[in-house]
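Here is the naming used below: chain letters follow the sequence lines, and residue numbers restart at 1 for every chain.
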Amino acid sequence: MSTETASRHFIRDIVDEHNRTGRFGGKVITRFPPEPNGFLHIGHAKSICLNFGLAADYGGVCHLRMDDTNPTKEEQKYIDAIHTDVKWLGFDWGPHEYYASDYFEQLYEWAITLIEKGLAYVDDQNAEQIRQTRGTLTRPGTESPYRNRSVEENLGLFQRMRAGEFGNGEKVLRAKIDMASPNVNLRDPVMYRILHAPHPHTGDKWCIYPMYDYAHGQSDSIEGITHSICTLEFEDHRPLYDWFCDALEIHHPQQIEFARLNLTYTVMSKRKLLTLVKDNHVADWSDPRMPTISGMRRRGYTPAALRNFCARIGMTKFNSTTEFALLEHCVREDLNKVASRRMAVLDPLRVVITNYPEDQTETMSAVNNPEDESAGRREVPFSKVVYIERDDFMEDPPRKFFRLAPGKEVRLRYAYWITCTDVIKDDAGNIVELHATYDPATRGGESPPPDSAGNVRKVKGTIHWVSAEHALDAEVRLYDHLFTKENPDEVEEGQDFTAHLNPDSLKIVTGAKLEPSLADFEPGDPIQFERIGYFTPDIDSTKDTPIFNRSITLKDTWAKMQKKQ
RNA sequence: AGGGGAUUGGUGUAACGGUAGCACGACUGACUCUGGAUCAGUUAGUAAAGGUUCGAAUCCUUUAUCCCCUGCCA
């Protein structure tokens, strides 16, 4: 568990400083504030681990808050998915589930306060006019002709906005700050817009909705948040965040910004992920190739692996890109500890053991997890005909090939040592079957007793197998990176990020042969197919056709050696 | 001179004026009934230039490069 303990980082330094000076009375209250407009991804996991982790470490609490201020993009199904994913990741918000929309009434009243203070006004300009008068990055904006309406007029208009007297876009409420500010966010930002749209949580109660800048900080304030942690792009918004809290004279949390996670071979924005879903480049948000939490869950990644990954990537303000290999390392590290070992043959080649009695079946005792003795052992049926992996045989093997070849001896894991005697081919010259003999003295895979001179026969290779008579047929889905380029956004003129989608990101294998006990697992259960990789049953599995997703391959130094040549 | 932020091995990070460390990756080797795991080792870095200091990744100045900001998105 110590690996999951985050190391020191700048946010902890800030919190420590606050605690030292007593700014928040030693309290730490954080929040994870997703907008329910898409599924959570691994980048959100970084934020979730940070916010919940910080609260836990400092004896505080972390709230889950739906940042639901834009009903045109938000849906209940996303809210449900957020619940599932945060829980699955291992975090508990207890009673602290909130919705920005719960605060709409308070936000409205505070807007009136600002109008009364002369700090907000109703603007009749349309979106285009507001854009035109905002100025540019290098030139100041110009003030709206409606900027100096009386408090009474503003109050009346704002009340009528709420009452639904105006159409979408006819009027907005703006904060009166500074049209000449070098920070564009301070040039009279829009606080409320009119949106005649039903809201997943408030139904048709409202037709005016607060903008992020006006809703977020105020929601933080209402909840007594001490540290409002967000990503770098909000750095420019902090002065506005502070302005609202100061103007309203309400509890004032500290906004802190950190760099969002980037991963090689991956896109992370919800907009792009939505595109992948909508354009059917993937099956849905929880497609195992997606960097979503639900996709990774379906793929067989574990919560512990994701949490550990989040602890390892660090926390800085530097815009970096983490190698996918680090995530894979964390996944293998956890899966190695917890996965049940089983035997499965993906590309079967029949082997007939010619000197093994017809009709005989034995059961062989196999270790369930060499990393965890408490996982115990199981019995695996063995008989005259077995399947081995086609890759584990070569008719004309190179020097360092330790597997089966004509005249060569190899160990069938937990069973017997066999020697290949014949290669059977079809008319086209394809290998269809192997004949072999076994050595009864090697039962269980053990070395045979020493000969009269005291020499012990050795065997270098051990391969996996499945008894043909007892095998389960299955479909196996093999996944690879969704993109072929480390940075999918690096594209030629006129292309977009879909230009480098990997056509081989999903390979479906049918007719895989499984050890019978593989029928006993549920989606999410971590399994290692020995010598191949980590797998978990897919939710599409049926009694007749079990389906397994490959979570990740085992490291394969043999494949690496081959590749180099 | 628009504003804001950033820059340490291939990658991600630590070092808070005092020995540049850790992890991932890559590469060796040992061990192994998984060519897995494990173990041992190798590799490679403070963006640049000035300055302050006994001493600078850290402080100052200048430069370079990168990211964000002109939604009635968040």
Q: Would you kindly check whether a donor in the side chain of A/Asp236 faces an acceptor in the base of B/G3, or vice versa, at under 3.5 angstrom?
A: yes
Q: Could you check which of B/C24, B/C73, B/A14 has an atom nearest any side-chain atom of A/Ala325?
A: B/C24
Q: Quick one: label A/Phe324 by what it contacts on the DNA or RNA (base, sugar-phosphate, nothing), any heavy atom closer than 4.0 Å.
A: nothing
Q | Ion pair A/Glu235/A/Lys317, N-O distance below 4.0 Å | A | yes
**Q.** Paired nucleotide for B/C22 [Watson-Crick or G-U wobble; both distances under 3.5 Å]
**A.** B/G12
Q: Whole angstrom is fine here: how far is it from CZ in A/Phe402 over to P in B/G35?
A: 10 Å
Q. Checking all strands, does A/His237 fall into the base, sugar-phosphate, or nothing category for heavy-atom contacts under 4.0 angstrom?
A. base
Q) What about A/Arg341: does its side chain form a donor-acceptor pair under 3.5 Å with the base of B/U34? A) yes
(Q) Among B/C72, B/G2, B/G4, which nucleotide has an atom closest to any side-chain atom of A/Pro182? (A) B/G2
Q.
For B/G50, give the paired nucleotide (Watson-Crick: N1-N3 plus N6-O4 or O6-N4; G-U: N1-O2 and O6-N3; both under 3.5 Å), or none.
A. B/C60
Q: Using only heavy-atom distances, decide whether a donor-acceptor pair under 3.5 angstrom links the side-chain of A/Arg403 to the base of B/G35.
A: yes
Q) Side chain of A/Thr557: nearest nucleotide among B/C27, B/G35, B/U34? A) B/G35
**Q.** A/His216 and A/His237 aromatic centres sub-6.0 Å
**A.** no
Q: Take atom CG of A/Asp372 and atom C1' of B/U38, then tell me their distance rounded to the nearest Å.
A: 16 Å
Q. How far, in whole Å, is B/U32 from B/G18 if one measures between their C1' atoms?
A. 46 Å
**Q.** Atom-pair distance (NZ on A/Lys560; C1' on B/U28), nearest Å
**A.** 12 Å
Q) Taking the side chain of A/Glu233 as its heavy atoms from C-beta onward, which of B/C68, B/A14, B/G25 lies nearest to it? A) B/C68
Q. What distance, rounded to whole Å, do you find between the two P atoms, one in B/A6 and one in B/U28?
A. 41 Å
Q: Indicate, with a heavy-atom threshold strictly under 4.0 Å, whether A/Leu137 touches base, sugar-phosphate, or nothing.
A: base
Q. Under a 3.5 Å cut-off for both distances, is B/C72 Watson-Crick or wobble paired, and to whom?
A. none
Q) Is there a donor and acceptor pair closer than 3.5 Å between the side chain of A/Asn319 and the base of B/C68? A) no
Q) Can you say whether the rings of A/His201 and A/Tyr99 are parallel (under 30°), tilted (30 to 60°) or perpendicular (over 60°)? A) parallel
Q. Between A/Lys73 and A/Glu35, is the closest basic N to carboxylate O distance under 4.0 Å?
A. no
Q. What is the nucleic acid contact for A/Glu35, judged by heavy atoms within less than 4.0 Å: base, sugar-phosphate only, or nothing?
A. sugar-phosphate
Q) Hey, are A/Arg403 and A/Asp391 close enough for a salt bridge, meaning a charged N less than 4.0 Å from a carboxylate O? A) no
(Q) So A/Ser320, base contact, sugar-phosphate only, or nothing? Heavy-atom distance under 4.0 Å. (A) sugar-phosphate
Q.
Please give the distance between the C1' atoms of B/U63 and B/G21 as a whole number of Å.
A. 30 Å
Q) Using atom P of each nucleotide, how far apart are B/G5 and B/G9 to the nearest Å? A) 23 Å
Q) Checking all strands, does A/Glu128 fall into the base, sugar-phosphate, or nothing category for heavy-atom contacts under 4.0 angstrom? A) nothing
(Q) Any base atoms under 4.0 Å from A/Thr321, or only sugar-phosphate, or nothing? Heavy atoms, all strands. (A) sugar-phosphate
Q | Whole angstrom value for the distance that separates P of B/G2 from CG of A/Asn185 | A | 18 Å
(Q) With a 4.0 Å cut-off on N to O distance, would you call A/Asp124 and A/Arg149 a salt bridge? (A) yes
Q: State, to 0.1 Å, how close A/Tyr121 and A/Ser144 come at their nearest heavy-atom pair, and which atoms those are.
A: OH-CB, 4.0 Å
**Q.** Whole-Å P distance, B/U11 and B/G3
**A.** 31 Å
Q. Just checking A/Gln528: base, sugar-phosphate only, or nothing, at a heavy-atom cut-off of under 4.0 Å?
A. base
Q. Any idea if B/G71 is syn or anti, going by the 90°-from-0 cut?
A. syn
Q.
Measuring only the C1' atom in each nucleotide, how far is B/U13 from B/G4? A whole number of Å is fine.
A. 24 Å
(Q) Can you confirm whether the side chains of A/Arg411 and A/Thr442 place a donor and an acceptor under 3.5 Å from each other? (A) no
Q. The side chain of A/Thr69 lies closest to which of these nucleotides: B/C24, B/G2, B/A74?
A. B/A74
Q.
Nearest whole Å is fine: how far is B/G25 P from A/Arg312 CZ?
A. 9 Å
Q | Listed nucleotide nearest any side-chain atom of A/Glu235, set B/U70, B/C69, B/G5 | A | B/G5
(Q) From the set B/U8, B/G36, B/C24, return the single nucleotide nearest to any side-chain atom of A/Glu371. (A) B/G36
(Q) Are B/A6 and A/Phe318 stacked, with the base six-membered ring and the side-chain ring centres under 5.5 Å apart and planes under 30°? (A) no
Q: May I ask which nucleotide in the shown strands pairs with B/U65, Watson-Crick or G-U wobble, both distances under 3.5 Å?
A: B/A6
Q.
Work out how far the C1' atom of B/A49 is from that of B/U65, and round it to whole angstrom.
A. 15 Å
(Q) Taking only the C1' atom of each, what is the distance from B/U53 to B/C59 in whole angstrom? (A) 10 Å
Q: Could you check whether A/Tyr209 gets within reach of a base, just the sugar-phosphate, or nothing at all, counting any heavy atom under 4.0 Å?
A: nothing
Q: Output the single nucleotide from B/C72, B/G36, B/G35 whose closest atom is nearest the side chain of A/Pro370.
A: B/G36
Q) Which is true for A/Asp213 with a 4.0 Å heavy-atom rule: it touches a base, it touches only sugar-phosphate, or it touches nothing? A) nothing
Q.
One thing to verify: whether A/Glu362 and A/Arg443 come together as a salt bridge, which I'm taking to mean a side-chain N less than 4.0 angstrom from a carboxylate O.
A. yes
(Q) In whole Å, I'd like the distance from the CD1 atom of A/Ile388 to the P atom of B/U34. (A) 17 Å
Q | Candidate nucleotides B/A37, B/G10, B/C72, ranked by approach to the side chain of A/Asn336 - the nearest | A | B/A37
Q.
Counting the atoms with a prime plus P, OP1 and OP2 as sugar-phosphate, which does A/Leu232 contact under 4.0 Å by heavy atoms, base, sugar-phosphate, or nothing?
A. nothing
Q: When you get a sec, tell me which of B/G25, B/C73, B/U7 is the closest nucleotide to the side chain of A/Lys555?
A: B/G25
